[in-house]
Amino acid sequence: GSGKSTLGRVVVNLQPATAGSIRIGDQEVSRLRGAERRALWRRTQMVFQDPYSSLNPKMTIRDTLAEPLRNFGIAKGAEADRLVLKVLEDCGLSSRAMDRYPHELSGGQRQRIGIARALILRPDFIVADEPVSALDVSIQAQIINLLMDLQQEYGLTYLFIAHDLAVVRHIASRVAVMYLGRIVALADSNSLY
């Protein structure tokens, strides 16, 4: 209820800003249109809270992950399959997942697919909107560790949205606290905790 998810959606330009300013690097995000907005979508991706509702149930995992590659003219056919297989492996999944549908996977596997979909375009910024809150505690730890490993491997910056303070403390280097749609505290993690 504080506006965390709305802020995340506005940052990646999935929802329009009603006020204020959002900058990623030197770009004002809320004013981007056309080709500039498309370029932003390639550089910024989102991992959603509920991986099941964010995956198309009629598409195989192969098609789900290859679709952005085709849409951005990066790869198709065998080259797309190679890139899909690489990102699946990076996310701890085997090639057997490629021809499955979302309903055939566990919650943790579906979240790994959501992460793989965010990574497939090689973005530099990912908004992770409560990516572990719908998972069992044992799976949460695996996904957090995966995100931290991928951050190092891919050189990613995360906007990690969460209400679980233990998770935030583990993953964040800087923390912003929101209340009623406003940031009320901003500090490095050690100072805040």
Co-membership, hydrophobic cluster, residues V11 and I115, 4.5 Å side-chain: no

Under the salt bridge (charged side-chain N to carboxylate O under 4.0 Å, His left out) rule, collect the residues that match up with E79, sequence neighbours excluded. R82

Spell out, as yes or no, whether a donor-acceptor pair under 3.5 Å connects the side chain of D188 to the backbone of N190. yes

Is any side-chain heavy atom of R42 less than 4.5 Å from a side-chain heavy atom of I74? yes

Does the side chain of V47 reach to within under 4.5 Å of the side chain of Q111, using non-hydrogen atoms? yes

Any side-chain heavy-atom pair of L150 and C91 under 4.5 Å: yes

Mind checking side-chain contact (heavy atoms from CB on, under 4.5 Å) for M148 and listing every partner two or more places apart, or none if nothing turns up? I144, H170, I171

Less than 4.5 Å apart, any side-chain heavy atom of R62 and any of D81? yes

Is it possible for you to say whether V127 and L121 belong to one hydrophobic cluster, with membership spreading through side-chain heavy-atom contacts below 4.5 Å? no

Does the Q49 side chain pair with the main chain of V132, one donor and one acceptor, at a distance under 3.5 Å? no

Is the backbone of R23 close enough, under 3.5 Å, to the side chain of Q27 for a donor and an acceptor to pair up by distance? no

same_hphob_cluster(L85, L83) at 4.5 Å side-chain heavy-atom cutoff: yes

Under 3.5 Å, side chain of Q140 to main-chain N/O of L135, donor-acceptor pair present? yes

Does S54 reach the side chain of M46, with side-chain heavy atoms less than 4.5 Å apart? no

Is there side-chain contact between H103 and Y52, with at least one heavy-atom pair below 4.5 Å? yes

Is any side-chain heavy atom of R122 less than 4.5 Å from a side-chain heavy atom of Y154? yes

Test K86 against every option in D90, L88, V84 by the side-chain contact (heavy atoms from CB on, under 4.5 Å) rule and name the one that passes. D90

How many angstroms lie between atom CD1 of I61 and atom CG of L93, to the nearest 0.5 angstrom? 8.5 Å

Quick check: closest heavy atoms across A162 and V168, and the distance to 0.1 Å? CB-CG2, 3.8 Å

Are R112 and I143 side-chain neighbours, meaning at least one heavy-atom pair lies under 4.5 Å? yes

Output for pair (K76 NZ, L69 CG), nearest 0.5 Å, gives 12.5 Å

Flag this pair as yes if the NZ/CZ of R9 is under 6.0 angstrom from the six-membered ring centre of F48 and inside a 45 degree cone about the axis; otherwise no. no

Could you measure the distance from the CZ atom of R100 to the CG atom of L105? Nearest 0.5 Å is fine. 6.0 Å

